[in-house]
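Single-structure report; data block below.
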Amino acid sequence: MRSPYLTAKRDRMIRLPCSRSEKMPIWMKVSTDPWSYQVLATLPGQEQQWKPSMYSSITPICFASPLLEKPVGKESMPQTPPFSAMFDSSGYNRNLYQSAEDSCGGLYYHDNNLLSGSLEALIQHLVPNVDYYPDRTYIFTFLLSSRLFMHPYELMAKVCHLCVEHQRLSDPNSDKNQIRKIAPKILQLLTEWTETFPYDFRDERMMRNLKDLAHRIASGEETYRKNVQQMIQCLIRKLAALSQYEEVLAKISSTSTDRLTVLKTKPQSIQRDIITVCSDPYTLAQQLTHIELERLNYIGPEEFVQAFVQKDPLDNDKSCYSERKKTRNLEAYVEWFNRLSYLVATEICMPVKKKHRARMIEYFIDVARECFNIGNFNSLMAIISGMNMSPVSRLKKTWAKVKTAKFDVLEHQMDPSSNFYNYRTALRGAAQRSLTAHSSREKIVIPFFSLLIKDIYFLNEGCANRLPNGHVNFEKFWELAKQVSEFMTWKQVECPFERDRKILQHLLTVPVFSEDALYLASYESEGPENHIEKDRWKSLRSSLLGRV
């Protein structure tokens with residue numbers, strides 16, 4: 001029976017991709033209760049109810065730098081199980097949650113599952129003592145969700161205070177044997193925090209508290225000093241790699257250009273297309289997978305939560321992270337999806353001859369199929385989205401020359417009806433294959449990222465963060481952490497394919513058409529069919545090319 005704490009607020013309307021055969025987009029009425037998604041129908045009279053999320057209006061960008069090398073410091077969590085073992089279908093590890101003092105310590109359990117608690121009690125539950133160490137599932141869930149109620153540096157300050165005061169780390173006369181028992185546990189907690197949420201430590205206050213507590217633990221013990229040094233060095237390497245990556249993203253954004261500038265100086269016939277750069281669809285799918293996995297790797301789990309941070313009603317006028325939502329890497333990944341969609345549409349609309357456009361469509365169908373076989377669902381959906389854009393789908397004479405049977409199969413797999421039932425079935429199959437894989441090739445699972453964000457968004461919106469008694473709704477956050485932990489498993493997969501710099505350079509740097517430029521290229525290829533299209537064609541020729 002579902003818990004009373006997981007309660008939906010209201011239904012919302014979201015817009016989903018539509019196929020070539022559809023006259024209108026599908027509007028999906030989704031209950032914000034995450035267990036009761038349902039597609040009703042095409043609802044043309046209700047479009048105005050849908051409001052785009054912060055991601056739906058991100059424009060595509062043109063990349064001007066080759067892919068970074070693999071970041072340094074991607075070590076696994078020490079002395080802890082992998083993310084795939086953190087959550088199972090039956091629930092979190094119940095035996096490690098409850099201790100004797102919890103029954104009256106502000107935490108509420110049902111059937112040995114922690115459902116809710118006061119914020120202070122949950123913080124106390126995070127801090128180890130001589131006889132207790134929190135389960136890793138709890139650590140991940142609370143560190144992920146706590147930022148909805150307080151800044152990470154405030155949580156770190158509280159944790160440090162509890163460790164120092166309760167374990168008497170500041171007392172020079174304290175029992176050294178007692179400190180030796182608790183020090184490894186505190187160090188382990190700090191290690192898990194720095195390994196799983198390293199981006200929290202870009203805040204100088206976080207790093208200062210970390211070093212202060214680590215110094216107290218390590219004083220007088222050579223073994224602890226080495227462990228502390230290793231932990232901090234690993235953290236610094238990760239932060240340095242992140243800074244380098246973000247510098248590249250900044251350069252990419254600043255050098256974004258429109259392919260129209262190229263068209264004005266070169267005739268279309270001598271433009272290099274993707275097939276001349278990479279004639280093998282399987283090889284292109286491999287290189288797309290390189291880009292996907294690299295960008296996934298830089299997304300911190302906390303970004304999924306920080307994207308939805310709002311004012312905490314029990315925190316007066318203070319709003320956590322409202323002044324600085326740290327979601328740049330997540331947004332950059334959504335931008336990559338948009339870029340790939342526009343790149344596909346650009347490559348199809350570019351050729352002058354109809355047979356060349358048809359050949360390009362068939363090429364991308366083969367690339368999409370290879371992405372599906374690899375488990376790269378994000379590139380697959382980006383390619384399908386690009387081929388379903390209106391400037392491409394209106395090219396009826398071109399599509400008449402295309403053998404679309406394979407494309408119809410792919411569209412069926414990514415059909416948005418029944419809340420993407422076919423895709424979710426395929427995703428579960430890929431995830432199961434990944435769990436039992438004997439090679440890196442079989443471990444690859446790259447989800448359709450926009451849908452993953454929507455799932456997390458609706459889970460967050462559909463359930464209250466706090467209960468009427470002021471307790472934190474921990475059961476909600478456990479469900480949230482379960483989804484994010486699955487993503488964490490997938491993003492840590494090493495790409496097994498050999499890099500091809502030339503292909504990567506083309507995918508990341510070649511200019512792409514804007515939406516208006518795509519329509520203009522489409523009309524130039526196959527003329528307008530009605531007065532509305534004729535008027536738009538004239539307007540685009542005037543505004544983009546300066547022609548009448």
Side-chain angles (χ1 to χ4, degrees), residues 61 63-78 80 83 140 143-144 147 151-153 155-156 160 187-215 217-218 224-255 290-307 321 324-336 484 487-495 499 501 504-505 508-509:
I61 57 175
F63 292 78
S65 174
L67 213 60
L68 288 174
E69 294 296 338
K70 209 69 180 174
V72 181
K74 194 182 176 185
E75 294 83 5
S76 59
M77 187 74 72
T80 51
F83 272 98
F140 178 74
L143 291 181
L144 178 70
R147 63 201 68 239
H151 287 270
Y153 79 85
L155 176 61
M156 172 62 82
C160 290
L187 181 59
Q188 174 66 12
L189 176 65
L190 297 178
T191 301
E192 295 207 26
W193 197 337
T194 58
E195 282 281 343
T196 315
F197 299 94
Y199 301 170
D200 285 349
F201 294 87
R202 301 183 87 178
D203 190 318
E204 292 181 2
R205 295 164 294 190
M206 288 286 292
M207 190 65 82
R208 190 162 54 244
N209 278 327
L210 171 69
K211 290 181 177 179
D212 178 65
L213 182 56
H215 174 73
I217 294 171
Y224 297 153
R225 273 202 297 272
K226 289 181 180 178
N227 291 339
V228 166
Q229 187 177 18
Q230 181 182 11
M231 174 186 68
I232 293 178
Q233 286 178 346
C234 177
L235 175 60
I236 290 173
R237 285 198 300 269
K238 287 188 175 185
L239 296 181
L242 174 65
S243 296
Q244 183 185 5
Y245 173 70
E246 290 181 341
E247 287 175 9
V248 170
L249 290 182
K251 292 178 182 177
I252 286 168
S253 298
S254 65
T255 55
H290 264 297
I291 297 172
E292 298 279 357
L293 287 174
E294 190 218 26
R295 273 155 176 71
L296 278 180
N297 178 65
Y298 280 101
I299 298 173
E302 71 281 355
E303 294 190 49
F304 290 100
V305 173
Q306 288 170 183
Y321 274 107
R324 188 182 176 189
K325 289 184 179 179
K326 303 174 184 177
T327 57
R328 181 68 190 100
N329 302 308
L330 186 149
E331 292 175 19
Y333 189 54
V334 175
E335 289 169 359
W336 156 248
V484 175
F487 160 81
M488 292 290 286
T489 302
W490 296 335
K491 83 165 194 167
Q492 291 173 354
V493 173
E494 296 283 347
C495 189
R499 291 172 182 266
R501 290 288 178 181
L504 290 172
Q505 187 78 11
L508 295 169
T509 64

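Start at 1 with the first residue, then count along the sequence. Only this structure's heavy atoms are used, side chains among them; waters, hydrogens and symmetry mates stay out.
Counting only heavy atoms from C-beta outward, the side chains of Val493 and Leu296 never approach each other to under 4.5 Å. The shortest side-chain heavy-atom distance between Asp200 and Arg147 falls under the 4.5 Å cut-off.
The distance from atom CD of Glu294 to atom NZ of Lys491, rounded to the nearest 0.5 Å, is 12.0 Å. Once rounded to the nearest 0.5 Å, the distance linking OH of Tyr333 with CG of Asn297 reads 11.5 Å. Here Asn227 contributes atom CG and Leu190 contributes atom CG; the two are 11.5 Å apart, rounded to the nearest 0.5 Å. With rounding to the nearest 0.5 Å, the separation of CE in Met207 from CE in Met156 is 9.5 Å. In this structure, the separation between CG on Asn329 and CD on Glu303 is 4.5 Å, given to the nearest 0.5 Å. Atom OH in Tyr224 sits 8.5 Å away from atom CG in Leu187 (nearest 0.5 Å).
At least one donor-acceptor pair under 3.5 Å links the side chain of Tyr199 to the backbone N or O of Tyr298. Distance alone, capped at 3.5 Å, places no donor-acceptor pair between the Thr196 side chain and the Trp193 backbone.
The side-chain contact (heavy atoms from CB on, under 4.5 Å) test with Phe201 is passed by exactly one of Leu210, Asn209, Ile232: Leu210.
Classification of Glu195 and Lys238 as a salt-bridged pair holds, one side-chain N sitting under 4.0 Å from a carboxylate O. The existence of a salt bridge linking Glu246 and Arg202 is confirmed by a sub-4.0 Å separation between a basic side-chain nitrogen and an acidic carboxylate oxygen.
Applying the ring-ring contact (aromatic ring centres under 6.0 Å, His included) test to Phe197 and every residue at least two apart in sequence or in another chain returns Phe140.
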For this session: Run the numbers on Trp336 and Glu292 for side chain to side chain contact (heavy atoms under 4.5 Å, CB included), then give the verdict.
Result: CA-CA 8 Å; Trp336 156 248; Glu292 298 279 357; 2.9 Å; yes
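Of all heavy-atom pairs spanning Pro301 and Leu144, the tightest one is O-CD1, 3.4 Å.
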